[in-house]
Structure formats: structure tokens, C-alpha cells
Amino acid sequence: MIDILLVRENPDLVRASQRARGADESLVDQVLAADEKRRASITEFESLRAQQKSVSKSVGAAMGKLAGARKSGSGDVETLQQEADEARTRAAELAAKVKQREAAADQEDKEFAALIRELDNIVIDGVPAGGEDDFVTLETVGEPREFDFEPLDHLTLGERLGAIDMERGAKVSGSRFYFLKGAGARLSNALMAYAQSIAVEEGFTPLVVPTLVSPATMGGTGYLDAHEDVYHLESADLYLTGTSEVALAGYHTDEIIDLSAGPLRYTATSTCYRREAGSYGKDTRGIFRVHQFTKTEMFIYCTPEEAVAEHQNLLRIERRLLDGLELPYRVIDVAAGDLGGSAARKFDCEAWVPTQGKYRELTSTSNCTTYQARRLNIRQRGDDGKTSFVATLNGTMLTDTRPIVALLENHQQADGSVRVPRALQPFLGTDVIRPA
RNA sequence: GGAGGCGUCGCCUAGUCUGGUCUAUGGCGCCCGCCUGCUAAGCGGGUUUGGGGAUAAAACCCCAUCGAGGGUUCAAAUCCCUCCGCCUCCGCCA
């Protein structure tokens, strides 16, 4: 959610942001109209309520006097009784009116709230305009490898190594499920251990988090807007999270956090669940696009002023991890139309996948500025004692499945074995993976 | 899963039975001021969070807020209903 004050004071900025995303510009004027309507309604209702309260209070006073008069036998009990009754009648009339105006004000406030939630986050200056294909490549690291033999794809390699078993995954759970076995399972664990060790080195606090969350948490992080990708457990009314970002963002919901000692940096490894609905026919081979994988995620709470620097920090850490895996990759500045509603800027790291002849997304980091915090009501207290919304950022350290794809394909050798990059060796306990 | 208890503005706490001077009590902590060679003590004042109005900005005025949401009533921390969380006991269990 963006700040209504910003919409009021600088509507052109909001319009420009919507335009860059290819989103609806007229929403800005709808929001402004709804805001005005709602404020007029609130003012009317509140002044009426103030009247009602003061009349109602006089009923109490009258009753008090009446009781006193009755007890002592002094004073005109009848007159006092009449006064009390009259006040009560007037209060009852006002109460009915107040009820009406309150309902109207509530309705208009709801309409306003629904509209402003539709506005996407303000895109940061410099983000390329346009859609999915309009990204800007910031840097390319390493070179796609020249093979002096015909490279195999990750599934063929994985099966030969006894590392990936799609058939049994499908048998047990259906399509896009899999088993990792032997070296495959060990690679998954090693990648997470590698990520966790770097996370701690970089000053992140590790958490073990819930992967089933309430509708409120899911909605607050904005993931319910992308409904088709989310698993919902009807019997318990809980959602399976597609990333631990959900729990990490929900962690400080409704809190006023202390950022005086610097940003709060958290990391969590969790199983991630994605329906991948609507991706039929896409990436159907192997474990590139699956319903379940494991991911170590970073999450940062900081002041809005620190957000851009923290975003660069997350990108640096992601690159550090990929460098360690010795993969060729590029960094892209994702275009406005491909950001998702919460992000103001997003950098993806895409690794080279030899048998696809393409760079594919391995990690991604988003700067959500105050958009997510506003929805989740996460604030900090400034030096002036006033509260303000914090900025949130998230980034992938590593997942297991896609890096395994990239590692197997890029580091395969003519004899069917796979070289293990040095950084991973301590966690895997070997420098080469051979057929089991 | 069953039974019972509890949830008050940072923390503790009064108020809930018996609805109305409750403008939610008091203490601790914190902040400002006075006093003071310094510190402490003492004294005085302030101290939830949203929202609306007012303002150059404040001061200020108003509305809501006693776990959340409904209801009853002229009036709800207080009565009724639903939900959530915590604690105790019982059952079950890796």
C-alpha cells in the first residue's frame, strides 16, 4: 500500500509510476475522489457522534440528580424525572442518526481502502519501463563454457548420477514432484549449509519459520494477489508459503521495531510450495520448475533512507554466493511491468544453462520500500518520537533445485562426472560427483 | 480433543459481580523542568496508538482504541455472542 499523502501531494509521480508499469493510471484519480468522499463523511459522522455523546452524558447526570433527590426526599423528583426522560429521548434520536452516518462512513472508507490497495508501489527512478523483455543487463559475469563434448541436460546427468528421480516423484505426488537421492540430496543440503554459513558471516540472524500461515499474513505480504500460485489448506484455512519471505515479513507485523542500532537482518531456510498453475508446458523437463523446493532467504527491515544501500548489499551477497558456485551469470534490472505490486525495484541473477542456451533466474532481490510495511503495519520510532513505516527488502541466497540444474550442467565432465566448486566442497565432502 | 482460569494505554496494577463524574486508578520505567558544586534523593509536569479537523508548522479541538469482531443500551473496560492468544489440569502423541 502506498501513502495517501503522496497521492494527494504528488499525484503526477504516482501516475508516472503506474504508466511505467503499464498499469491503470486513472486509478490515481479514483483514489483521490474516494479519499475526499471518505473524509467528508468521517467529519460529518464524528461531529454527530460528539453531539450524541454529550447528550448521553447529560442523561447520566440527570439520573444521578434524580437518585439523590429520591434518597434525600428533597428537590422536585417529578421535574427531574421528566428532564432525564427528555434527555434520553433526544439521545435516542441522535443515536439512530449516528448509526446511519457511521455505516455510510464505514462503507466509504472501505471503498477507499480497496482502491488504494490496488495502487502498486512507486517505481524507483532508473528502473527500466516496460514489460518482461525490457530488462536492462547490468553486468555479465564469466563466459558460457565451450564444451569439447556434447553436454547432457541436468535430468540425464542427474539420473546417471542417481541424484534425481522424477518418476517416483510423480508416482508419489504427481507431476513437478521429484526425489533427490544420494549426491542430489547431499547437494541440496550442502547448498543450504553453504548459504547459511555466508548468511551468518554477513550478520544475518537465522530463524526457523512457519511454512503454513494465516490468511492475514498471506494477504499482508501481497501474495494473495497472485492467487493462482498459492496452495491453500481448506480444512485449516492456512496457506503453504512459496517462500520464507512471508513468515519473515509477518514476523514483526503490528510492531514498532527499534532500528536505532541499524537494520534488522534475518535469514531462514524453508521448504517452498508453488502451484505453478498456468505454467503448463513450460520447463516441464526435470527439476527446473517444480511445486516444492528448498530456499534460504534473506530479509531486511531498515529505514527508508537505508533501503537503496541495503538492496545493493543483498545483491552483493547473492553475487558472492554465485561466484562461489563458479557459474556464469548475469545481473538484470527487472523492468517496471515485471516487478510485482510490492517491489519498487528488483534485481535478478540469472545463471547460464548450457542445454537451454539461455540465462535463467536463480536468485532475485526486491526493494519493497515502505509498501509491504504499510500493509503489515510495521513501524519504527524516529528521533522526534513519531512513528513511521519501515522499509523491507528480501533476497534469495540460494535455492536447491535450480542451482543443482546449473551446477550439473555447467560443471559436467566428459566422463559423466561433475566437478564440485571449491566453496561447496567443505559442505559436500568431495570435489567430484561420480555415478553411484 | 476435554475441563477451568486469564487477556486493561512500555512493564506491573485498580476498576468488571452491581453499566453512567472513568476525562481508565496507582506504582515502576522513561522524558522535560525546578532545586543542586556533581550525582542521587526531593518537588512539579508529561508519557498508548490510529484517524478527522485546524495550522506555515505547532499549540489546540474532535472521533476511535481496555486481545479481535459483532450485539444489547440514550450510555459498555463492565452485560450477551463469536473468534484469537496465553496459563493450569486431564487425555493423546514424535
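What you see is a predicted model, and the numbers here were worked out from it, not measured in a lab. Just so we're on the same page: letters track the sequence lines, and every chain starts at 1.
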[X]/[Y] ion pair, N-O < 4.0 Å:
{"X": "Glu201(A)", "Y": "Arg320(A)", "value": "yes"}
{"X": "Glu276(A)", "Y": "Arg274(A)", "value": "no"}
{"X": "Asp400(A)", "Y": "Lys295(A)", "value": "no"}

Which of these nucleotides, [options], is closest to any side-chain atom of [X]?
{"X": "Arg88(A)", "options": "U49(B), U72(B), C74(B)", "answer": "C74(B)"}
{"X": "Ala50(A)", "options": "A75(B), U49(B), C63(B)", "answer": "C63(B)"}
{"X": "Lys57(A)", "options": "U23(B), C74(B), G52(B)", "answer": "U23(B)"}
{"X": "Thr387(A)", "options": "C74(B), G53(B), G50(B)", "answer": "G50(B)"}
{"X": "Glu46(A)", "options": "U49(B), G53(B), C63(B)", "answer": "C63(B)"}
{"X": "Ile42(A)", "options": "C63(B), G51(B), G50(B)", "answer": "G51(B)"}

Donor-acceptor pairs under 3.5 Å, side chain of residues 419-431 of chain A to any protein atom, not counting sequence neighbours: which ones?
{"unit_1": "Arg419(A)", "atom_1": "NH1", "unit_2": "Glu326(A)", "atom_2": "OE1", "d": "2.9"}
{"unit_1": "Arg419(A)", "atom_1": "NH2", "unit_2": "Glu326(A)", "atom_2": "OE1", "d": "3.4"}
{"unit_1": "Arg419(A)", "atom_1": "NH2", "unit_2": "His411(A)", "atom_2": "ND1", "d": "3.2"}
{"unit_1": "Gln425(A)", "atom_1": "NE2", "unit_2": "Val420(A)", "atom_2": "O", "d": "2.9"}
{"unit_1": "Thr430(A)", "atom_1": "OG1", "unit_2": "Val432(A)", "atom_2": "N", "d": "3.2"}
{"unit_1": "Thr430(A)", "atom_1": "OG1", "unit_2": "Val432(A)", "atom_2": "O", "d": "2.9"}

How many Å lie between [atom1] on [X] and [atom2] on [N], as a whole number?
{"X": "Gln51(A)", "N": "G52(B)", "atom1": "CD", "atom2": "C1'", "value": "16 Å"}
{"X": "Gln52(A)", "N": "A76(B)", "atom1": "CD", "atom2": "P", "value": "8 Å"}
{"X": "Glu36(A)", "N": "G51(B)", "atom1": "CD", "atom2": "P", "value": "18 Å"}
{"X": "Arg101(A)", "N": "G51(B)", "atom1": "CZ", "atom2": "P", "value": "22 Å"}
{"X": "Asp237(A)", "N": "C83(B)", "atom1": "CG", "atom2": "P", "value": "14 Å"}
{"X": "Glu102(A)", "N": "C74(B)", "atom1": "CD", "atom2": "C1'", "value": "15 Å"}
{"X": "Phe45(A)", "N": "A64(B)", "atom1": "CZ", "atom2": "C1'", "value": "8 Å"}

What does [N] pair with, Watson-Crick or G-U, if both distances are under 3.5 Å?
{"N": "G4(B)", "value": "C87(B)"}
{"N": "G29(B)", "value": "U47(B)"}
{"N": "G37(B)", "value": "none"}

message: Whether Arg39(A) contacts G51(B) is assessed here as follows: a side-chain N or O lying under 4.0 Å from the phosphate OP1 or OP2. Is that the case?
response: no
field: Below 4.0 Å: OP1/OP2 of U49(B) and any side-chain N or O of Arg381(A)
entry: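 Looking at the OP1 and OP2 atoms of U49(B), one of them is under 4.0 Å from a side-chain N or O of Arg381(A).
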Whichever of Ile4(A) and Ser47(A) has its nearest RNA chain B nucleotide further upstream toward 5': Ile4(A)
Residue mapping more 5' on RNA chain B - nearest nucleotide basis, Glu93(A) or Lys386(A): Lys386(A)
- request: May I ask you to establish whether Arg265(A) and Phe299(A) are in a cation-pi arrangement, using a distance under 6.0 Å from NZ or CZ to the six-membered ring centre and at most 45° from the ring axis?
  value: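 Not satisfied by the 6.0 Å and 45° rule.
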field: Pi-cation contact, Phe112(A) with Arg38(A) (under 6.0 Å, within 45°)
entry: yes
Using a cut-off of 4.0 Å on non-hydrogen atoms, how would the nucleic acid contact of [X] be classed: base, sugar-phosphate, or nothing?
{"X": "Arg38(A)", "answer": "sugar-phosphate"}
{"X": "Ser56(A)", "answer": "base"}
{"X": "Arg49(A)", "answer": "sugar-phosphate"}

